[in-house]
Number of protein chains: 2
Amino acid sequence: MIRIKDIAQKANVSTATVSYVLNGTGSVSEKTRIKILKVIEEMNYQPNHIAKSLKIKKTNTIGVVVEDVTSFHSSEIIDGINEYAENHGFSLLLTNMRVLKRLGRDLEDQEKVRQLTPPAMKEILNKQVDGLIYIGVHTRDVSGIINTGTLPTVYTYCYTSGEGYSVNYDDHLAAYEATKYLIEEGHSKIAVISGLFNSNPSRDRFNGYYQAVKDHELVFDPSFIKTGDWEFESGYTLTRELLDGTTRPTAILAMNDVMAAGAINACLERGLHIPEDISIIGFDDREFSSYINPKLTTMRLPLHEMGMEAIKSLVSILNQEEATEKNKKLKCTLIKRHTVGKPRE
Amino acid sequence: MIRIKDIAQKANVSTATVSYVLNGTGSVSEKTRIKILKVIEEMNYQPNHIAKSLKIKKTNTIGVVVEDVTSFHSSEIIDGINEYAENHGFSLLLTNMRVLKRLGRDLEDQEKVRQLTPPAMKEILNKQVDGLIYIGVHTRDVSGIINTGTLPTVYTYCYTSGEGYSVNYDDHLAAYEATKYLIEEGHSKIAVISGLFNSNPSRDRFNGYYQAVKDHELVFDPSFIKTGDWEFESGYTLTRELLDGTTRPTAILAMNDVMAAGAINACLERGLHIPEDISIIGFDDREFSSYINPKLTTMRLPLHEMGMEAIKSLVSILNQEEATEKNKKLKCTLIKRHTVGKPRE
DNA sequence: AAAAACAACTTAAACGATTAATCTCTTACG
DNA sequence: CGTAAGAGATTAATCGTTTAAGTTGTTTTT
């Protein structure tokens with residue numbers, strides 16, 4: 001391994017001078033600068049980041065703790081983080097907590113999640129990262145569960161009540177816009193297949209829906225609200241219930257694409273045509289949404305952007321820029337495909 | 001930050017002694033060992049890995065270079081790598097090349113991929129990782145594209161011809177078994193919707209299919225072989241061609257789930273019943289495969305296991321264990337769902 | 001009883017960078 | 001002309017560990 005020392009010897013200067021040209025600090029004459037640069041080139045010198053980090057107490061490495069990498073949103077967020085990191089000289093140290101695989105749907109049990117944390121995270125904290133990005137599996141509150149100590153941290157796809165920085169998407173607005181779209185298409189009987197009701201996204205999305213219904217002076221029918229559990233089966237079952245109800249809705253707002261897929265299956269099975277007989281709108285824009293038949297109209301989550309904004313926030317915290325926004329909320333976008341149409345007369 | 005020096009002072013010993021108890025090296029009396037451990041506990045000392053790495057020239061960090069994180073297989077492989085890493089004290093430094101997003105289907109143009117490499121990878125190499133795992137986007141040959149220099153490297157979901165270590169799944173065997181399953185269900189007219197034909201998996205899978213057909217003494221009909229491009233549309237279009245052909249197949253082997261989904265759509269559109277009128281089998285076991293209607297029977301790739309085996313290989317190379325297998329090939333497993341049945345008489 | 005061996009420590013030099021403090025020239029200015 | 005200022009370089013300490021080599025004092029061997 002070539003060291004600064006080797007460069008210095010060959011170029012007949014001190015190590016300090018070499019370091020100065022490497023970092024563009026100090027004052028070095030153009031002549032020696034050129035000379036040193038040439039030697040560096042010749043010897044194919046690669047700086048040792050470890051040594052540098054030890055001295056300057058900065059690693060230019062960001063820890064990324066993800067509750068579950070295999071969850072659909074994680075890789076897209078990581079991709080966003082990576083894009084910014086690459087362009088700004090940061091590396092990413094990744095740790096996967098695997099909460100979903102280890103706890104399943106038990107993860108609302110905060111104590112269990114907490115117990116999962118230490119082994120996975122201690123290591124990453126000790127590795128001397130400059131800051132941390134925490135990617136949850138649901139946009140739920142993780143305060144009290146995660147203790148990152150004094151390390152600057154930005155939470156995304158989850159948040160901490162009150163303290164801490166977070167980047168998320170706007171559930172309320174997204175549901176509002178989805179509902180508004182349905183209403184504008186002419187629907188007035190709009191059912192909802194919700195996720196688990198003790199979760200923030202479910203609550204916020206319901207409120208967005210409710211707001212849109214009220215703003216457009218439609219009647220709110222509680223029998224149109226069904227509570228699912230985010231899974232395919234519940235979308236399927238609840239849609240059957242909806243179709244068997246006294247008044248049949250002309251549109252269904254499913255709170256994720258997986259349940260929407262279940263809803264589509266249920267409708268198709270009953271011989272209904274989508275969107276002629278019933279419209280369905282999903283949430284997430286999962287990859288499969290354009291592989292199913294008919295292709296699903298859905299609200300796309302700004303995942304890539306969330307990753308980008310999370311690391312931007314973190315970097316601005318690291319740079320002590322005071323203006324950093326505490327809780328960013330990004331907008332979802334409506335992806336129009338083939339499951340929404342005007343209702344029959 | 002608490003240093004070894006601080007511990008040493010408080011415990012009235014030298015830094016060397018502290019280091020010895022920390023590493024379990026040297027010879028330290030039980031009495032001082034206890035004493036030092038107590039001080040460490042009291043002061044909540046956390047070792048500085050950076051300093052240690054500088055000295056011992058080992059980081060216990062493994063670089064993971066992935067051609068595209070958002071590709072369906074990547075996160076599952078990463079999950080496998082992570083599981084082993086966590087249990088063996090390694091950290092993961094992740095870099096995403098984003099080849100798919102940057103090059104699209106152009107990635108068979110090796111020159112372009114090569115040009116993408118340096119900026120993304122140089123950084124990770126300089127960060128002094130002990131070894132590298134490279135995760136491709138297709139199981140294609142990347143030799144000549146990727147230059148990891150002297151760094152121990154294991155390739156997965158891709159390979160290098162001849163030199164280097166790799167872990168992959170067995171395409172030939174998987175296709176053989178899928179075909180065999182179809183034959184055993186009673187099918188004799190089995191069509192294939194292949195991926196791009198200049199790709200290794202396409203070739204190997206075709207050979208597996210061909211072998212199975214021959215082994216079971218069926219006639220091989222070239223008109224049953226259609227070449228797609230891995231995308232949904234081609235599955236759809238080619239299935240329509242197949243259905244319009246002079247002899248209609250009773251089963252379709254699609255070389256990935258996405259094309260299989262296209263095939264299902266085409267069949268459904270023609271009013272065919274699956275699997276009564278036609279059987280369809282996919283490849284990959286994508287998440288959506290159980291969300292589509294009917295649920296797709298498919299060959300599952302051993303992704304998690306590939307990640308585990310990749311890092312196992314790497315670690316055994318790092319430990320200079322000579323016995324490390326050069327090119328591991330893992331088995332796919334058949335996931336039986338609802339798109340394969342016995343053919344009509 | 002002297003020599004050798006060993007256990008239990010300590011000393012101090014690395015590892016490869018950064019950087020405050022110095023030093024030596026020039027150049028500029030009143 | 002004397003001196004202050006500045007440019008361009010060097011010296012050496014430092015970051016937090018590890019570890020070879022050295023130092024004790026005690027035990028074993030012969």
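Values below: all heavy atoms of this structure, side chains included; hydrogens, waters and symmetry mates excluded. Per chain, numbering begins at 1; letters A, B, ... match sequence-line order.
Between the CD atom of B:Q9 and the P atom of C:dT10 there is a distance of 13 Å, given to the nearest Å. Counting to the nearest Å, the C1' atom of D:dT18 and the CD1 atom of B:I7 are 16 Å from each other. Atom-to-atom, CD1 of B:I50 to P of C:dT18 comes out at 14 Å; the value is rounded to the nearest Å. The distance from atom CG of B:N12 to atom C1' of C:dT10 is 13 Å, rounded to the nearest whole Å. What separates CD1 of B:I56 from P of D:dC15 is a distance of 21 Å, to the nearest Å. In this structure, CG of B:L22 is placed 15 Å from P of D:dG16, rounded to the nearest angstrom. One can place NZ of B:K35 at 12 Å from C1' of C:dA8, the figure rounded to the nearest angstrom.
Here the shortest heavy-atom pairing between A:V167 and A:V154 reads CG2-CG1, 4.2 Å.
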Evaluate the side chain to side chain contact (heavy atoms under 4.5 Å, CB included) criterion for residues B:E305 and B:E76: first the C-alpha distance (whole Å), next the side-chain angles of each, then the deciding distance (0.1 Å), finally the verdict.
CA-CA 9 Å; B:E305 211 185 333; B:E76 205 48 75; over 6 Å; no
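B:L94 pairs with exactly one of A:L93, A:V64, A:I78 by the side chain to side chain contact (heavy atoms under 4.5 Å, CB included) rule, that one being A:I78.
The phosphate of D:dA9 (OP1 or OP2) has a side-chain N or O of A:S29 nearer than 4.0 angstrom. In terms of phosphate contacts, A:S19 brings a side-chain nitrogen or oxygen within less than 4.0 Å of OP1 or OP2 of C:dT18. Residue B:S27 has no polar side-chain atom (N or O) positioned under 4.0 Å from OP1 or OP2 of C:dA7. Put simply, B:K52 has a side-chain N or O that comes within less than 4.0 Å of OP1 or OP2 on D:dT18. For B:T17, no side-chain nitrogen or oxygen approaches OP1 or OP2 of C:dC9 to under 4.0 Å.
Residue side chain A:Y20 does not reach the base of C:dA17 through any donor-acceptor N/O pair under 3.5 Å, judged by distance alone. One donor-acceptor pair, N or O on each side, does fall under 3.5 Å between the base of D:dT18 and the side chain of B:K55.
You'll find that the side chain of A:A51 is closest to C:dA17, out of C:dA17, C:dA8, C:dT18. Side chain of A:N48, nearest nucleotide from D:dT19, D:dT10, C:dA17: C:dA17.
The closest donor-acceptor contact from the side chain of A:R102 to the backbone of A:M97 lies under 3.5 Å.
Taking 4.0 Å as the cut-off between side-chain N and carboxylate O, A:E41 and A:K38 do not count as a salt-bridged pair.
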